[in-house]
Amino acid sequence: MFKQVISHKGFWRSVFILGVVYMSILVVIQWAFTGFSLHFFETIGVLRLCLVFVAGAFVCGFSVSYAKFWGKLKSDQYKK
């Protein structure tokens, strides 16, 4: 079932889109807690910050997309 889900048309596009949305929301929320100060980006380091957010966005996007497509495939199997 895992291979069916990850090879389904549109799966990886969904992972990318959901990951970008998640990453954008997370950056804005964390930046808001620092009062929208540029010091937020300087203290952590831009490269490290990007790596952490990209990894988190991939995990979140992959898990949500996997659940969505798995449910879709299961409901299609149930209808047959």
Side-chain angles (χ1 to χ4, degrees):
M1 186 64 148
F2 181 77
K3 286 186 179 183
Q4 282 181 321
V5 172
I6 64 170
S7 65
H8 198 276
K9 182 181 178 185
F11 175 77
W12 290 107
R13 183 179 58 177
S14 178
V15 169
F16 177 75
I17 291 170
L18 288 173
V20 167
V21 169
Y22 173 76
M23 184 171 52
S24 301
I25 291 170
L26 190 61
V27 167
V28 169
I29 289 172
Q30 288 190 348
W31 192 24
F33 280 117
T34 64
F36 295 106
S37 170
L38 291 178
H39 186 64
F40 169 71
F41 297 104
E42 295 169 355
T43 57
I44 297 174
V46 176
L47 181 61
R48 182 174 168 197
L49 184 71
C50 288
L51 289 175
V52 168
F53 282 126
V54 166
F58 175 76
V59 168
C60 181
F62 186 86
S63 60
V64 171
S65 295
Y66 185 84
K68 181 175 80 171
F69 281 91
W70 182 83
K72 182 180 177 182
L73 288 173
K74 278 295 187 182
S75 69
D76 288 346
Q77 286 179 354
Y78 181 72
K79 289 178 184 176
K80 291 180 181 179

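None of the values given here were measured: they were computed from a predicted structure. Keep in mind that the numbers below use all heavy atoms, side chains included, and drop hydrogens, waters and symmetry copies.
Within the structure, side chain to side chain donor-acceptor pair (under 3.5 Å) contacts touching residues 22-37 (residues at least two apart or in different chains) do not occur. Among residue pairs with one or both ends in residues 48-57, none qualify as side chain to side chain donor-acceptor pair (under 3.5 Å); sequence neighbours excluded.
Phe33 is connected to Ile25 through a chain of hydrophobic side-chain contacts under 4.5 Å among Ile, Leu, Val, Met, Phe, Trp and Tyr, so both are in one cluster. Linking Ile, Leu, Val, Met, Phe, Trp and Tyr residues whenever their side-chain heavy atoms come within less than 4.5 Å leaves Val28 and Val20 in two separate clusters. Val54 and Ile29 fall into different hydrophobic clusters, where Ile, Leu, Val, Met, Phe, Trp and Tyr side chains are chained together by heavy-atom contacts under 4.5 Å.
Taking Ile, Leu, Val, Met, Phe, Trp and Tyr as hydrophobic and joining them when side-chain heavy atoms fall under 4.5 Å apart, one finds Val64 in a cluster with Leu18. Leu51 belongs to a hydrophobic cluster whose other members, connected by ILVMFWY side-chain contacts under 4.5 Å either directly or through intermediates, are Leu47. The hydrophobic cluster containing Trp12, built from Ile/Leu/Val/Met/Phe/Trp/Tyr side-chain heavy atoms closer than 4.5 Å, also comprises Met1, Phe2, Val5, Ile6, Phe11, Val15, Phe58, Phe62, Tyr66, Phe69, Trp70, Leu73.
One finds the CD atom of Gln4 at 10.5 Å from the CG atom of Asp76 (value rounded to the nearest 0.5 Å). Taking OG of Ser65 as the start and CZ of Arg13 as the end, the distance is 10.5 Å to the nearest 0.5 Å.
Considering only residues two or more places apart in sequence or on other chains, Lys68 meets the side chain to side chain donor-acceptor pair (under 3.5 Å) condition with Ser14.
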